[in-house]
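The basis for the numbers below is simple: all heavy atoms, side chains too, and nothing from hydrogens, waters or symmetry mates. What you see is a predicted model, and the numbers here were worked out from it, not measured in a lab.
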Amino acid sequence: MWNRRAALTLLALLGATPVRAMDPDIMSVIGQPVLALAQRPEVGVVLRPASGGHRGAIAEALREPGPPVGLVDGQYLHGHGCNPQGCRVRGIFLAWDLKGDRMFMLLSEEGRVRVSIPPDPRAWPRDLSAPLAGFSPALSEAIGTR
């Protein structure tokens, strides 16, 4: 029952219409909360199946406050949301590669990484190191080292 409820919550959350959803340009998410990036069709189509049994936790983390979505090197849209008690309590970092149509995501909970997409952050692009530092300084130093 909970998995079904979590799935419905995530689908409703990702299917919700943000203020700028009518804008066909993904760049319209810059300056908005990370939820706006997750709600983009091109991101949602990757995020939904990748979330697996973590849909409820992802949906909750996407609602957490954080800095607005930004852009790195004209290629990576990124943002994160963290529980007011800290990203280690619960948080999500989400990035979208505009050139490769790839998603990068970290979901943290109770002091550990619960989900990493791709699984090994060392394979992430080094360009995401600076944006990730606000979410997890330790992981920001590890990415791109493989």
CD1 on I117 to NE2 on H54, rounded to 0.5 Å: 8.5 Å

G44 to P49 - nearest heavy-atom pair and separation: O-CD, 4.3 Å

Residue pairs passing the disulfide (SG to SG under 2.5 Å) test where at least one lies in residues 71-106, sequence neighbours excluded: C82-C87

Of all pairs that satisfy ring pair (Phe, Tyr, Trp, His ring centres under 6.0 Å), the ones with a partner from residues 92-111, not counting sequence neighbours: F104-W124

Side chain S28, main chain D25, donor-acceptor under 3.5 Å: yes

Residue pair I58, M105: steps toward the side-chain contact (heavy atoms from CB on, under 4.5 Å) verdict: CA-CA 10 Å; I58 290 170; M105 184 185 76; 3.7 Å; yes

Rounded distance (nearest 0.5 Å) linking atom CZ of R40 with atom CE of M103: 15.5 Å

Closest non-hydrogen atom pair, G81 against V34: N-CG1, 4.0 Å

Distance (rounded to the nearest 0.5 Å) between S51 OG and L107 CG: 10.0 Å

Under the side-chain contact (heavy atoms from CB on, under 4.5 Å) test, residues paired with D127 that sit two or more places apart: V72, D73, Y76

Smallest separation among heavy atoms of P33 and V69, with atom names: O-CG2, 3.6 Å

Partner set under side-chain contact (heavy atoms from CB on, under 4.5 Å) for V45, not counting sequence neighbours: none

A130 backbone acceptor or donor facing S140 side chain under 3.5 Å: no

Test log, rule side-chain contact (heavy atoms from CB on, under 4.5 Å), inputs L94 and H80: CA-CA 6 Å; L94 182 64; H80 69 269; over 6 Å; no

Where at least one partner belongs to residues 82-96, residue pairs that pass salt bridge (Lys or Arg N to Asp or Glu O under 4.0 Å), sequence neighbours excluded: E60-R90, E64-R90

Rounded distance [0.5 Å steps], CG in L132 versus CD in E141: 10.5 Å

Point-to-point distance, once rounded to the nearest 0.5 Å, from CG of L139 to CG of L128: 12.0 Å

Closest non-hydrogen atom pair between I143 and P125, with its separation: CD1-O, 3.6 Å

Which residues share a side chain to side chain donor-acceptor pair (under 3.5 Å) with D97, sequence neighbours left out: Q75, R102

For the student: nearest non-hydrogen atoms of E109 and A57, plus distance: OE2-CB, 3.8 Å

Exercise: identify the closest heavy-atom pair between V43 and A38: CG1-CA, 4.1 Å

Worked check of side-chain contact (heavy atoms from CB on, under 4.5 Å) between E42 and I26: CA-CA 9 Å; E42 53 273 83; I26 191 169; 3.7 Å; yes

L98 vs L71, side-chain contact (heavy atoms from CB on, under 4.5 Å): CA-CA, chis, key distance, verdict: CA-CA 10 Å; L98 294 167; L71 179 66; 3.8 Å; yes

Inter-residue atom distance I92.CD1 - L62.CG, 0.5 Å rounding: 4.0 Å

